[in-house]
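Report on one structure; see the data block that follows.
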Amino acid sequence: MNPSLHLWLIPLAPFAGFLLNGVLGARLPKWLASTIGLAAPLVSLAAVANAYALTTISAATALPYVETCPQPWLAVGNLHVDFSLVLDQLSLVMLLVVTGVGFLIHVYSVGYMAHDEGYARYFSYLNLFLFFMTTLVLAGNVLLMFVGWEGVGLASYLLIGFWFQKPSAAAAGKKAFIVNRIGDFGFLIGIFLILANFGTLSFSQISGKLAASPAWTGGALTVICLCLLIGATGKSAQLPLYVWLPDAMEGPTPVSALIHAATMVTAGVYMISRAHFLFDRSPFALGTVAIVGAATAFFAATIGLAQNDIKRVLAYSTISQLGYMFLGCGVAAYSAAIFHLMTHAFFKALLFLAAGSVIHAMGGEQDMRKMGGLRKKLPITFWTMTAAVFTIAGFPPLAAFFSKDAILYAAFAQGTGGKVLWVAGVGTALLTSLYMFRLWYMTFFGELRTADAHPHESPWSMRVPLIILALLSVCGGWIGMEKFGAYLEPAVGLHPAVSTTPHLELILSIVAVLVALEGWLIADKYYRRKTERPAQLAAAMPTGYKILTHKYYVDEIYQATIVKPLFAVSQYILGWVVDTAILGGAAWLLAASANLSGMILQRWQSGNLRSYAAWLTAAAAAVLLFVLLAQGALPMPEPLTHSLRIMGAGH
C-alpha cells in the first residue's frame, strides 16, 4: 500500500498562518508573528519535500497520486465534482518552486518589512497567497483550479495595495484586479464550454475522453483553448492584458519577487501545460499561443530599454520572460517552458530581492539615475545581482542558458513559422542583455549620483536568501533539458522532435551567446565608457525615445478607448438616467405619496378634542344614514338601489 503524502497539509499550513496572523497578529509580539509567518511555508515545503522523496527518490509512491474527499464537493444532477488534489511530475516541480522560493522570500521579508506598521497583516496576506497558489497547482479539476486562480488574484490585489494609504498603490491594486477579471471571464467561459462538451471538469477524465477520440480536433476544442488563453494572458501579463504588471510594482518588493515574478504570473503557463491535451488537438490555438508569447517577449523588452525605475525594468523583463514560456508552450515544448519557469523563478526572484536590497540601502529610492557606485557599498548585493544579470542574459553555464535555448531550439525546428518566432526570440535576447546590463551599470558603477542617500548593506535575513537564490541561478539549469524533459514526460508529453541537422543545437547556442555578448558590449559602451551617449541618442531620436518612455502609450489608448467611454456610460446613462431619473424619480414619487398621506392623517390626528368630536359626529351620522337607507326608512336614490340589488344577487 502506498504511504500517504498528506497533500492536504500543503495548502492547509499557509491557511492556518493566514488565520492566526490575520486575526491575532495585531496583538502578537513581532517575533511570534514572524514565527507563524515563516512556519506556514516551511511546513508546506517540508510536505512537498516528503512527497518528492517518496515519489522520486525512493519511488515508494507512484505518480500520479490523488487524494479525494469522501463526499462530492459539488453534486448537481449528473454533475459530480470532487475536491481532489493531484500530484504528478508537473505539479511536483511547480510546488517545489512555489514553496521553496516562497519560503526564501518570507525569510527576506522579515528584514525588509521589519519597521512596517502592518507587519503581521503583511505575513497573513503572503500566507493567504500561498494557500491559493498551492490549491491552484494541486487542483485535480478545472473548477478547483479556478478557485485557486481567483484566490491568487485576490491575494495579489491585497498585496499590491498593501500600502493603501498611497493613492498610487490603491490604484495599482484596483487596476490589477480589474484587468485580471477580464482575463478570468474568458477562463470562465472556457470552463462552461469544457463542461458542455465533456460533461466533466476532471483533468484526467477530459484527457481520457480525448484519448478515446483521436479524430477530435479543432472546432469546439479551438474555442475552448482560446478562452483558456484569454485567462492565461491576464494572469501571466501577456498582450493585450499585460498592463497591470508594471503598476503592480507599487507593492512591497518581496511581493514583486514572489507573486509577480516567481509564482502567480506563471500560473497561465502552468494552466496551459496542465491542459496540454486540449491545446495539442488545436494547431490554431497553439500557434496563437506562440505568436502571443513571441510578440509579448519582444514588445516588453523594447519598453525595458528606456525605463529608469529599477523595479519597472524588472517588471517588463518579467513580462518578456513569460513571453518565452508562452512561446515554448506554443511550439508544444511544454517541458522546456516549465524548465524556463523554474529557472526564471530563481533568477527573477533574485533580481527583485537584490533590487529590494538596493532600494533599502538607498532609503526607498528606485530611480537608477540617482544611483551608481554601489558595488563597493553593497558587495553581497552586487555579486548576487551580478549572477542574476549574467543568468538572464543567457551566458553559459548559468541556468537560463539551458532553459531559454531549449525554447528557441524547439521554435527553430517548427518550419518557416518557427524560424520567424526564433528570430523574435533571439532579438528579445539581445534587448534583454542590453537593458539588464544597463541596469547593472547604472546601479553599481560610476559614482553615486545623489547626496541624500547613505547606502549600507542589508541585514543577514535579507542577504542569506540572496546567496541561496544566486547559487540556484547559477546551478539550476545543470540538470539539463534532456533529463528534465524525461522527468516531465508522463505529465506533459514528449519534448518535440527537432531537426536532425548535425550540430544544429550547438550552432544555435553559439548564436544565442554571441547575441548576449553583443548586448553586454553595447551596454558597456554606452553606460560605462561613454555615459554621455545615451542622452545624445535620445535627443537625436526624440520621437522614438518618447514612445518607449511612455510605453507605446498603451495605457493612454486604453484610457481613451475603454476607460473613459465606460466612465461616461456609468456617469451619464447609468448615473443620470437610471439612478437619478428612474430610481430617483421613483423614490421622489414614493416620498411625495408618503408626505400627502401624512398631511391627510395629520388633519385627523390633530390632538384637538373639538376636532375629534366633529369627526366622531360626522362618522356617526354617516353610519346612521347608511342604516336608515338600508332599512328603507329613507327613500334611496335609484342608482344606489340598483347597486345593492346587484350585490345581493351576487351573494
Counting C-beta onward and ignoring hydrogens, is there a side-chain heavy-atom pair between Leu448 and Lys377 closer than 4.5 Å? no
Tell me if a side-chain donor or acceptor on His276 pairs with a main-chain N or O of Ala491 at a distance below 3.5 Å. yes
Just how far is it from atom CG of Leu488 to atom CE of Met342, taken to the nearest 0.5 Å? 9.0 Å
I'd like to know whether Met362 forms a side-chain contact (heavy atoms from CB on, under 4.5 Å) with Leu374, so could you lay out the CA-CA distance, the side-chain angles of the two residues, the decisive distance to 0.1 Å, and finally the verdict. CA-CA 10 Å; Met362 294 292 293; Leu374 296 179; 4.0 Å; yes
Working to the nearest 0.5 angstrom, can you tell me the gap between Thr99 OG1 and Met94 CE? 11.0 Å
Could you tell me whether the side chain of Pro246 reaches within less than 4.5 Å of the side chain of Lys551, counting heavy atoms only? no
Determine whether the aromatic ring centres of residues Phe299 and Tyr316 are separated by less than 6.0 angstrom. no
Which pairs pass side chain to side chain donor-acceptor pair (under 3.5 Å) with one or both residues in residues 464-483, sequence neighbours excluded? none
Full working for side-chain contact (heavy atoms from CB on, under 4.5 Å) between Val358 and Phe444: CA-CA 9 Å; Val358 170; Phe444 294 105; 3.9 Å; yes
Once rounded to the nearest 0.5 Å, what's the spacing between atom CZ of Arg274 and atom CG of Leu136? 10.0 Å
Separation between OG (Ser357) and OH (Tyr112), nearest 0.5 Å, reads 9.5 Å
So, for Trp520 and Phe390, is the gap between ring centers shorter than 6.0 Å? yes
Determine whether Arg463 and Glu457 satisfy the following criterion, salt bridge (Lys or Arg N to Asp or Glu O under 4.0 Å), listing intermediate values before the conclusion. CA-CA 9 Å; Arg463 282 181 277 177; Glu457 189 61 276; 5.0 Å; no
How close do Val269 and Cys329 get, heavy atom to heavy atom, and via which atoms? CG1-SG, 3.9 Å
Test: side chain to side chain donor-acceptor pair (under 3.5 Å). Region: residues 390-404. Which pairs qualify, not counting sequence neighbours? His340-Ser403, Thr343-Ser403
With no hydrogens and no angle check, is any side-chain donor or acceptor of Tyr270 less than 3.5 Å from a backbone partner on Met264? no
Main chain of Thr381, side chain of Thr384: is a donor-acceptor contact present, judged purely on distance under 3.5 Å? yes
Under a 4.0 Å N-O cut-off, is there an ion pair linking Arg449 with Asp367? no
Does a donor on one side chain and an acceptor on the other come within less than 3.5 Å for Asp524 and Tyr441? yes
Centroid-to-centroid, Tyr122 to Phe162, below 6.0 Å? yes
Could you check whether the rings of Trp440 and Phe445 sit parallel, tilted or perpendicular, using 30° and 60° as the cut-offs? perpendicular
Short question: side chain of Thr549, backbone of Lys546 - any donor-acceptor pair under 3.5 Å? yes
With no hydrogens and no angle check, just 3.5 Å: does a side-chain donor-acceptor pair link Tyr242 and Thr296? no
Least distance between heavy atoms, Asn308 atom then Arg438 atom: OD1-NH2, 2.9 Å
Determine whether Lys311 and Asp309 satisfy the following criterion, salt bridge (Lys or Arg N to Asp or Glu O under 4.0 Å), listing intermediate values before the conclusion. CA-CA 6 Å; Lys311 287 178 65 176; Asp309 184 311; over 6 Å; no
Would you say the side chain of Ser320 lies within less than 4.5 Å of the side chain of Phe298, judging by non-hydrogen atoms? no
Whether the side chain of Gln536 engages the backbone of Pro534 through a donor-acceptor N/O pair (distance < 3.5 Å, no angle test) should be reported. no
Going through the checks in order, is the side-chain contact (heavy atoms from CB on, under 4.5 Å) test met by Val265 and Lys348? CA-CA 12 Å; Val265 291; Lys348 187 52 64 66; over 6 Å; no
Give, for atom CG of Leu506 and atom CD1 of Ile510, the distance between the pair rounded to the nearest 0.5 Å. 4.0 Å
Supply the atom-to-atom distance Leu258 CG to Tyr108 OH, rounded to the nearest 0.5 angstrom. 13.0 Å
Under 6.0 Å between ring centres, would you say that holds for Phe103 and His106? no
